[in-house]
Number of protein chains: 2
Amino acid sequence: MTWTSSGARRGATMTIKELAERVGVSPAMISRYLNNGYVSEENRAKIAAAIEETGFTPSRQARNLRTGKTSLVGVVVPKISTETIGRVTAGVEEVLGRQGYQMILGNTDNDASAELDYLRLFERYPVDGMILVATEVTPAHERFLRESKTPVVVIGQRVPGVNCVYHDDEGAAFELGRRVAEKRPGASAAMIWVTEKDRAVGIERRDGMLAGLATGGIEVPDARVRKAAFTTASGYEQTHLLLEDPATPALDLVCCATDLIAAGAMKAVLERYGEPAGTGNAPLVTGFGDNELAQAVSGGFPTVHLGNRTSGVRGAEALISLMENPRTMPASTMLGFRVVNA
Amino acid sequence: MTWTSSGARRGATMTIKELAERVGVSPAMISRYLNNGYVSEENRAKIAAAIEETGFTPSRQARNLRTGKTSLVGVVVPKISTETIGRVTAGVEEVLGRQGYQMILGNTDNDASAELDYLRLFERYPVDGMILVATEVTPAHERFLRESKTPVVVIGQRVPGVNCVYHDDEGAAFELGRRVAEKRPGASAAMIWVTEKDRAVGIERRDGMLAGLATGGIEVPDARVRKAAFTTASGYEQTHLLLEDPATPALDLVCCATDLIAAGAMKAVLERYGEPAGTGNAPLVTGFGDNELAQAVSGGFPTVHLGNRTSGVRGAEALISLMENPRTMPASTMLGFRVVNA
DNA sequence: CTGTTAGCGCGTTCAT
DNA sequence: ATGAACGCGCTAACAG
């Protein structure tokens, strides 16, 4: 390791000490300049000039080690590349940015174990707070969430005893089902749903939909509730199988757990009937989430707008209170919804 | 600040020193256990047991400060919530994960100045390497990229003198234009394009498209090349204006800079003609990027598949070489493409 | 207002 | 094979 006696630069980065030497003050002086204030106008000017000249920036590393604060929030998401997640993080970032926090993301690509890895990474990185945009919440998740030394807020699932912001999935699905059933009384319906491991989508949203359809006299037999992954391809595949099944009476309605799945269903319907879903004899397809792209291309199909952006905002707000006062009582917030095209 | 004399835990986290006390060895021993190895079988077992019992994890903070290494790569993206970005980061993560690196994301929401903020954050956090998924590359960007002390790779734009991986936007657009023009000779065409600040999309892709169409005898007057933002809503708006313009002879073809924009165009066409783009009298809409959702819902429209995932893979590979040997010569890689539905 | 002192939690000599 | 001592870059507490 070599450096010049002028202390200008070593390797690449400059330290507060070197800068102090250069200016002719103590390192603490520089530190105060950077933080509290307590510096004479004269020194203030000299330091400012030296910083300008050298391009010095303090090491967050060392600062964080010393202060135990990072002004960083880690957000763990199951997937980037969906509108839903994009809206949530936009809401989170809006609030965080205003308060001087920066957000870093960990993407798990729908791998529940990777979620815990990221949470632990963030906890030890460390960040000041964490947000988990949740899908499957395992016992291991719950344990971690409750025992975490770093404040954490869950978005998208209700977890008892943990700070969380979630949607009224059951209520929304019920309302969507009810309205669709009202317009198509006695329709022959199927559902393309997802794993029950995702409680909000796999259970609550499903039960709400079944109940909503039932109020309009539509019963969906178990055999017509099929499981798909959270992808367009999977929605296509399951719908295709359903439509090709010779034992199946003609379908009037295919309700899907998400808009991504609905997109796949629409593709299958279009291929099978030669006309878009909801026109002519082709069954109507419903979704969930109000995906802008899908709405535009399709010209509009029944779905639900959930206010994902708001969930991000509320989640970030809750996290900030928690970071400022870690003893804040856990709270859960349920957001409303808006049915679209039904 | 209080802690028990057994040294088990203070406040929240445990340190290497406390663990050492508990086991009855020196802190250095624990450190060696965690890193080099130089530990007797006997102590190894005792330490392993104590770690298991306490759930101890070393502070990355302190380790990083000491070693100057983080095993972390920062990726700056212009947008989360698009399939394109999702594919790139999936490719990046695949390679990085295999090599023991973790990836953290910074999302700028299409704000070019935020890009530099994030790069600087990462540089000083620090991370071992950075990837910029670029859109607009300003002189400030170029300066930063060239002078960065942390290895950095650019994906999506060609930047001379900087390590980068990009697509053959011009070639792809040319080929798409050529094929479409071949099937619709003499078509009356318009283009919905984007800012020239994004060189790859705004200039190269546009020029390729114009040239490709021209080979089939289709000339697009300047007045029919309209600017949109990178959104579905903006694509809708511009197309709507175009279709409503009474001075405009009926259009046969609307070529768009991206699939998101194309989705908006399709919505406008559907509203205006009462039938989906490309059917009956409704003009054909082309896109760029092979968005899965849009393809499914529309039943297929001409577009280009760019291999975004591959760009992520190649970019990450380049970054790893760079991190292992910072003196590696800068290289730029151009990837191929595949025209879809044309 | 300013400088000195003492760590934050680790990894790394250099002795033993 | 092991432990003592030191330092990474910074900030908090104290003295002046």
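Model, not experiment: these values are computed from the prediction. Within every chain, numbering begins at 1; the chains are lettered A, B, ... in the order of the sequence lines, protein sequences first and strands thereafter. All heavy atoms count here, side chains included; hydrogens, waters and symmetry mates do not.
Thr57(A) and Arg124(B) form a side-chain donor-acceptor contact under 3.5 Å, judged by distance and modelled atom types alone.
Residues Pro27(A) and Glu41(A) both approach DNA chain C. Their nearest nucleotides, taken by heavy-atom distance, put Glu41(A) toward the 5′ side. Along DNA chain D, the nucleotide closest to Arg124(B) and the one closest to Gly24(B) are compared, and the more 5′ of them pairs with Gly24(B).
In this entry the distance linking CD1 of Ile30(B) with P of dA1(D) reads 17 Å, nearest Å. Rounded to whole Å, the distance from CD1 on Ile16(A) to P on dC8(D) is 14 Å. When rounded to the nearest whole Å, the span between NZ of Lys69(A) and P of dC8(C) equals 21 Å. The CD atom of Gln61(A) sits 13 Å away from the P atom of dT11(D) (whole-angstrom rounding). As a whole-Å value, the separation of Leu19(A) CG from dC10(D) C1' is 13 Å. One atom, CZ of Arg60(A), and another, C1' of dC8(C), lie 17 Å apart when rounded to the nearest Å. One can place OH of Tyr38(A) at 16 Å from C1' of dT11(D), the figure rounded to the nearest angstrom. Spacing between atom CG of Asn35(B) and atom P of dT12(C) amounts to 6 Å, rounded to whole angstrom units.
In terms of phosphate contacts, Ser59(B) brings no side-chain nitrogen or oxygen within less than 4.0 Å of OP1 or OP2 of dG9(C). Checking the phosphate oxygens (OP1, OP2) of dG9(D), no side-chain nitrogen or oxygen of Thr15(A) falls inside 4.0 Å.
Residue contacts shown for Phe56(A) are limited to sugar-phosphate atoms, with no base heavy atom under 4.0 Å away. Among the protein residues, Ser40(A) comes within range of the sugar-phosphate backbone only, with heavy atoms under 4.0 Å from sugar or phosphate atoms but none that close to a base. Within 4.0 Å (heavy atoms only), Asn64(B) reaches no atom of the nucleic acid at all.
Using a 4.0 Å cut-off between charged side-chain N and carboxylate O, Glu142(A) and Arg146(A) make a salt bridge. Under the 4.0 Å criterion applied to side-chain N and carboxylate O atoms, Arg44(B) and Glu41(B) are assigned as salt-bridge partners. Between Arg22(A) and Glu18(A) no salt bridge is recorded (no basic side-chain N to carboxylate O distance below 4.0 Å).
The side chain of Leu65(B) lies closest to dG9(C) when the candidates are dG9(C), dG11(C), dT2(D). Closest to the side chain of Arg63(B), from the set dG3(D), dT2(C), dC10(C), is dC10(C). Minimum atom distance to the side chain of Met29(A) is reached by dG3(C), of the listed dC10(C), dC10(D), dG3(C). In this structure, the nucleotide among dG3(D), dA12(D), dA13(D) sitting nearest to the side chain of Arg66(A) is dA12(D).
Remark: Ile131(A) CD1 to Leu96(A) CG distance equals 6.0 Å, nearest 0.5 Å.
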